Amino acid sequence: MDIFRIEGPVQLYGSVTVNGSKNSSLPIMAASILAAGKTTISGVPNLSDIRVCAELLSQLGCLVQREENGDLSIDATVVDNPVGDYEIVRRMRASICILGPLVARCGRAQISMPGGCAIGVRPVDIHLRGLSELGAHIRLENGYIVAEAPNGLRGKEIFLGGPFGSTVLGTGNVMMAATLAKGKTVIESAACEPEVADLANFLNEMGAKISGIGSPRLVIEGVKELHPVNYTVIPDRIEAGTFMCAAAITSGELQIRNCRLDCLMAVVDKLRNIGVTVEPSGDGCIVSRTGPLLATDIITQPYPGFPTDLQAQFMTLLALADGNSIIVDKVFPDRFMHVAELNRMAANLRKEGPAVLISGVKKLMGAPVMASDLRASAALVVAALAAEGTTIVNRVYHIDRGYEKIEQRLNPLGAKIYRENEHVKTVPAVLAANPE
Ligand code: EPZ
């Protein structure tokens, strides 16, 4: 298994280009099965989650290929095995987003029920409620969700809000299914994330009739059939936000290209509040910091609120800020596996109920740490860039799920991230310097 050995502190300078969005690509890949024929998607990043999704679609009967120019093509002429196997679904929870398209296309779907993960219990009750409102008969059988609609789905007015507000993939699942339902569907309390809007735009390109895109009220007029298309996904705003945090924590200056600031307003607002400069520039922005980091409070919320997927990375910034900060995650209240690991790096964080109290420290120190989930591992890498000495990040496979070859993109900017095999022990720089 790979680990990262990271030497710090460093300063990052230069230009980095953001990849296409993982969280757009996954539901858009699933949506391609709504139309018989070959769909081609550009900008899909080369990540382990994308490869798992490709494997899942192949299992359904699709032909999935990475073209020479990097595009991903999905030929869904044949979808004759509407089953999402446990062995695949357990590796990626987002597999659930084939449920809606499969019921709509095949009248039947059998998907392994996703389990919990490091960031929370993560039920799919709202997905199932929405699909049964469209007329699907749903039952649980030996750990599998079985959904059937032999006579097709029927449009309806559906409230899709949940205990933590809207659901991103839940909205996607119901919206995809409704495109081929008879009549009109209205989704109230729909998620407004840019990735949901990207999926809706993709569906409309395929011939769907969706309006209210980007708002909490989506209206879908069902159509008889959809057709395959060529489409380009939006840039990954969470990757962009992570690079912004890396520039800020190292007091460097980064030009972040292919970055849509309009999708990151809550993040940019907070960065400016804590003393970071974010200037629009070309197809992105320039992020820099010369003064001290300032404390602030963050409450994560569904879009357009502050994204939970940047909560951990921001916590590393606030760990080095002047003063006390508070972070509350209103979307995944238990998403704090990184707290103990950052404290191992000499941060001063205290979990109090749903909140983390952060007392800013002057510096972080390198240490061996354990990645627990995708964004927590990104936070540990960001922290290690500013920490004094050597940090060993274990279980790097978490970060490979959402960031393509991150060390090859940050090292040219001044980072010192070395990917190594955990079994090949290398002598950290500190010890090499002082063999005694
Ligand atoms: C998407 O997950 C993203 N994943 C997550 O990013 C992201 O953290 C999340 O949205 C919130 O922004 C993908 O797009 C692949 P939700 P999703 O349904 O759709 C509760 C990353 O790091 N809920 O919006 O699964 C749920 O438990 C990943 O890239 C129910 O109670 O999240 C949570 O507390 C991690 N019942 C809240 O709603 C349901 O049926 C929001 O979850 C569904 C959700």
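Whatever order the structure lists them in is the order used to number ligands and atoms, beginning at 1. Since we're looking at a predicted model, the values are computed, not measured.
- Checked by distance only, ligand 1 and Asp309 come closer than 3.5 Å through their nitrogen or oxygen atoms.
- Of the charged side-chain nitrogens involved, none lies within less than 4.0 Å of a carboxylate oxygen, so that Arg409 and Glu404 do not count as a salt-bridged pair.
- Counting atoms of ligand 1 from 1 in the listed order, those under 4.0 Å from a heavy atom of Val124 are 39 (C), 40 (O).
- Looking only at protein heavy atoms, the nearest one to atom 29 (O) of ligand 1 is Arg375 NH2, 2.8 Å.
- Atom 20 (C) of ligand 1 has as its closest protein heavy atom Phe164 CD1, 3.9 Å.
- For ligand 1, the atoms lying closer than 4.0 Å to a non-hydrogen atom of Ala94 are 15 (C).
- Comparing Asn23, Leu374, Val168 by heavy-atom distance to atom 3 (C) of ligand 1, the nearest is Asn23.
- Asp85 and Ser112 get closest at one heavy-atom pair: C-CB, 4.1 Å.
- Contact analysis puts Arg335 in contact with ligand 1, with a non-hydrogen atom separation below 4.0 angstrom.
- Put simply, no part of Arg129 is less than 4.0 Å from ligand 1, judged by heavy atoms.
- Asp329 has no carboxylate O lying under 4.0 Å from a charged side-chain N of Arg335, or vice versa, which leaves the two without a salt bridge.
- Judged purely by distance below 3.5 Å, without hydrogens or angles, the side chains of Ser21 and Asn23 never pair a donor atom with an acceptor atom.
- The parts of Pro123 lying near ligand 1 are both backbone and side chain, judged by heavy-atom distances below 4.0 Å.
- With a 4.0 Å heavy-atom cut-off, ligand 1 is reached by the backbone of His127 and by its side chain too.
- Listed by chain and residue number, Val229, Tyr231 satisfy the side-chain contact (heavy atoms from CB on, under 4.5 Å) test with Glu205 (two or more places apart in sequence, or in another chain).
- A salt bridge links Arg139 with Glu141; the closest basic N to acidic carboxylate O contact falls under 4.0 Å.
- The closest approach between a heavy atom of Glu195 and any atom of ligand 1 is not below 4.0 Å.
- Contact of the Glu420 side chain with the Phe4 side chain is not registered, since no non-hydrogen atoms from C-beta on lie closer than 4.5 Å.
- Ranking the protein heavy atoms by distance from atom 26 (C) of ligand 1 puts Phe332 CE2, 4.0 Å first.
- Phe306 and Phe314 have their aromatic ring centers within a separation under 6.0 angstrom.
- Heavy-atom contacts of Lys22 reach the following atoms of ligand 1: 21 (C), 29 (O) (cutoff under 4.0 Å).
- Judged as a salt bridge (Lys or Arg N to Asp or Glu O under 4.0 Å), the pairs with a partner in residues 27-49 (not counting sequence neighbours) are, in order, Lys22-Asp49, Lys38-Glu67, Asp49-Arg401.
- Salt-bridge check for Asp400 with Arg419: passed, with a basic side-chain N closer than 4.0 Å to an acidic carboxylate O.
- Compare Arg401, Arg122, Lys330 by their heavy atoms: the one nearest to atom 2 (O) of ligand 1 is in Arg122.
- A heavy-atom distance below 4.5 Å is not found between the side chains of Arg108 and Val103.
- Counting only heavy atoms of the protein, atom 18 (O) of ligand 1 lies nearest to Thr167 OG1, 2.6 Å.
- In this structure, atom 36 (N) of ligand 1 lies nearest to the protein heavy atom Asp125 OD1, 2.7 Å.
- Contacts of Thr308 with ligand 1, taken as heavy-atom pairs under 4.0 Å, involve the side chain alone.
- Of the N or O atoms in Leu169, one or more lie within a sub-3.5 Å distance of an N or O in ligand 1.
- Looking at Val331 against ligand 1, both its backbone and its side chain come within 4.0 Å, counting heavy atoms.
- Of the heavy atoms in Ile126, both backbone and side-chain atoms come closer than 4.0 Å to ligand 1.
- Contact check for Glu195 versus Asp236: no side-chain heavy atoms found under the 4.5 Å cut-off.
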